[in-house]
Protein chains: 2
Amino acid sequence: MTAHPCLADVARRAGVSTATASRVLSGRGPSSAASRDAVRRAAADLGYVPHPVARRLAHRSGTRIVFAVRDARADILRDPFVTRAAAAISAATEPEGLGTALLRLPLSASAELDRLAADRSVAALVLAGHDRTLMAGLPAALRDRTAVIGAGGSDVDSAAGVGALLHHLYGSGRRRIALIAGPRWLAASRAPLTAYTRLIRATGLPERVVHGDFTTVRGRSAAREILRRWPDTDAIATVSDATALGVLQALAADGLRVPHDVAVTGFDDSPLAEAVHPGLSTATHPVELIAVSAVRAALGAPSPGRLFPSRPVLRTSCGGAP
Amino acid sequence: MTAHPCLADVARRAGVSTATASRVLSGRGPSSAASRDAVRRAAADLGYVPHPVARRLAHRSGTRIVFAVRDARADILRDPFVTRAAAAISAATEPEGLGTALLRLPLSASAELDRLAADRSVAALVLAGHDRTLMAGLPAALRDRTAVIGAGGSDVDSAAGVGALLHHLYGSGRRRIALIAGPRWLAASRAPLTAYTRLIRATGLPERVVHGDFTTVRGRSAAREILRRWPDTDAIATVSDATALGVLQALAADGLRVPHDVAVTGFDDSPLAEAVHPGLSTATHPVELIAVSAVRAALGAPSPGRLFPSRPVLRTSCGGAP
DNA sequence: CTGTTAGCGCGTTCAG
DNA sequence: CTGAACGCGCTAACAG
């Protein structure tokens with residue numbers, strides 16, 4: 001036995017036509033118990049494996065998932081969360097016989113989206129960093145095979161996750177809590193902001209919000225901005241560990257002690273969080289499950305769930321009151 | 001204009017046969033200037049884009065790159081270096097019209113490799129974590145479309161990188177330098193070890209080697225092992241930042257100061273390295289270039305280069321002498 | 001240099 | 001329920 005047996009070989013051995021063999025093996029269409037048995041046996045005997053590429057050509061479906069990450073910065077593809085998600089998606093596509101291609105989308109990406117819509121190798125699209133405008137401009141040809149990671153799709157329950165961290169800050173006595181939110185253009189930035197606003201409203205605390213971009217650099221400048229505008233701030237919550245790292249650096253540079261003077265929280269539970277000093281309180285997320293869910297949804301299968309838990313991980317950075 | 005024009009449409013409009021059109025557009029085979037011109041014009045007029053899947057079926061080539069990482073632990077796919085490399089490979093395959101699938105291989109992986117060899121959707125294989133045994137057992141069908149990341153393939157010049165860090169330790173007065181090397185089964189573990197041995201031989205320092213596995217947990221235990229066997233150790237070099245983090249934790253737990261009592265170095269320049277306290281000296285690597293090089297090599301194209309620079313990044317963890 | 005013909009391997013009508 | 005025939009879109013062998 002050398003080359004791969006094809007459907008015709010199986011059909012011949014089973015004494016049926018290729019059409020019948022195809023129906024039996026794909027499970028679609030009618031078939032008698034007799035032929036079903038013969039075909040199955042023949043396939044097993046020959047070690048038949050359908051040709052993935054031929055199958056996709058006949059089905060007019062693509063061969064890869066494109067994971068498109070929209071961001072202003074090109075180096076977003078090196079972001080720890082993005083690389084982890086990309087790896088997870090890539091691992092999730094392996095058993096499907098598919099592959100994953102990673103692509104950055106600039107903020108206005110209509111040209112790239114049109115290109116993807118016309119690319120017949122694209123089986124489905126997984127989108128991160130979307131907003132309403134982007135979704136509205138999504139080519140019709142992609143609509144029914146696009147899934148989103150973040151608000152409206154396979155998402156972390158960031159309202160609950162950030163909310164829990166905020167409540168912990170409040171519960172341990174912090175009363176002047178600032179938030180470094182996500183970028184304004186990002187749909188996923190809304191939920192944590194809502195959680196923050198809700199706490200502020202419920203408690204009557206002062207509202208202190210600035211916007212970040214998931215980078216350490218911006219974390220530093222945002223922290224400085226907060227301390228300049230509201231010098232008595234006693235806690236800074238963020239929506240990414242990288243941002244929180246920048247905050248820790250800025251505070252250290254100013255001689256402020258964490259958590260004594262200012263408490264800090266991150267988000268995502270990256271390896272950073274346990275590495276920094278003091279240990280960063282954050283929230284942990286099942287990125288791999290989210291990736292699988294998004295891939296499933298993009299491929300049109302019923303996705304197991306949409307909102308995934310955001311579990312707080314408390315370390316010393318948000319310890320007791322000042 | 002609605003659906004995609006096919007090669008026959010182009011040929012018809014250009015007044016030639018599909019064979020000629022194919023030859024012109026693919027650049028393979030002879031063609032007259034006249035027909036070349038006509039075909040090109042027709043293709044441009046119609047906005048012709050070849051069907052990637054049909055092309056690959058006819059070529060009998062696959063549609064995806066499989067990035068297989070061999071390791072004892074299943075969660076190696078969450079390792080920062082692996083996710084970054086996977087993302088880079090995934091990004092590198094996008095312009096090629098291919099996708100990437102990520103797969104973990106157990107230490108003895110002959111069954112999985114056979115499966116990959118038989119999988120006609122696999123265009124090429126990129127392998128990490130290999131050793132001689134694995135390479136010897138590589139199915140013949142994969143031999144000419146496999147590239148390796150690490151020793152013998154697209155690799156970091158880890159001998160130079162680790163060597164530079166070791167020399168820095170020596171140059172700043174350290175005289176009892178231990179090394180936490182990579183796992184024994186890994187081919188890529190050899191080069192750093194050689195760099196270490198060379199320094200030991202040249203200087204007459206005592207040889208202190210234990211083996212790690214790129215995890216923080218093992219970094220901790222390895223550091224404890226070193227301190228138990230050789231209590232006067234004044235420097236610990238590692239071959240991964242995660243390992244170095246474990247070392248820092250173990251030293252802190254023992255009340256040893258870094259770098260005053262013991263200097264520490266990492267490898268890979270992960271986000272960890274700048275986040276920890278004290279800042280971790282490490283070496284930085286062009287992972288994205290390495291990934292592209294490996295993909296190119298796997299696809300059979302002449303790869304631009306094999307050995308990529310490992311540039312030391314000095315932070316306080318390997319500062320002045322005790 | 002060109003066109004004809006035959007694959008690549010599977011899916012899917014549509015008569016029987 | 002079955003099978004012959006065609007379609008998916010492109011490439012390659014082979015006469016001319």
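Each chain gets a letter, A, B and so on, in the order the sequences are listed, and its residues count up from 1. On a predicted model such as this, the values are computed, not experimentally measured, just so you know.
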Spacing between Leu25(B) atom CG and dC10(D) atom P, to the nearest angstrom: 9 Å
Side-chain ion pair, Asp79(B) and Arg84(B), N-O less than 4.0 Å: no
Sidechain-backbone polar pair: Arg56(B) side chain, Gly62(B) backbone, donor-acceptor under 3.5 Å: yes
Whole-Å gap separating P (dG7(C)) and CZ (Arg60(B)): 11 Å
For atom CG of Asp9(B) and atom P of dG9(D), their distance in whole Å: 9 Å
Footprint string (nucleotides 11-16 of chain C, 5' to 3'): B base within contact, S backbone only, - free, heavy atoms under 4.0 Å: SB----
Between P of dC6(D) and CG of Leu57(A), the distance in whole Å: 18 Å
Side chain to side chain contact (heavy atoms under 4.5 Å, CB included) partner of Ile76(A), chosen from Thr83(A), Leu105(A), Asp71(A): Asp71(A)
Ion pair Arg12(B)/Asp9(B), N-O distance below 4.0 Å: yes
Whole-Å distance separating the CZ atom of Arg120(B) from the C1' atom of dG9(C): 8 Å
CA sep, side-chain torsions, deciding dist, call: Thr93(B), Thr100(B), side-chain hydrogen bond (donor to acceptor under 3.5 Å, both in side chains): CA-CA 7 Å; Thr93(B) 55; Thr100(B) 301; 3.0 Å; yes
Value in whole Å for how far the P atom of dG9(C) lies from NE2 of His51(A): 6 Å
Spacing between Arg56(B) atom CZ and dT11(D) atom C1', to the nearest angstrom: 14 Å
Side-chain (Ser35(A)) to main-chain (Ser31(A)) donor-acceptor, under 3.5 angstrom: no
OP1 or OP2 of dT2(C) under 4.0 Å from side-chain N/O of Ser32(B): yes
Sugar-phosphate, base or nothing in reach of Val16(B), heavy atoms under 4.0 Å: sugar-phosphate
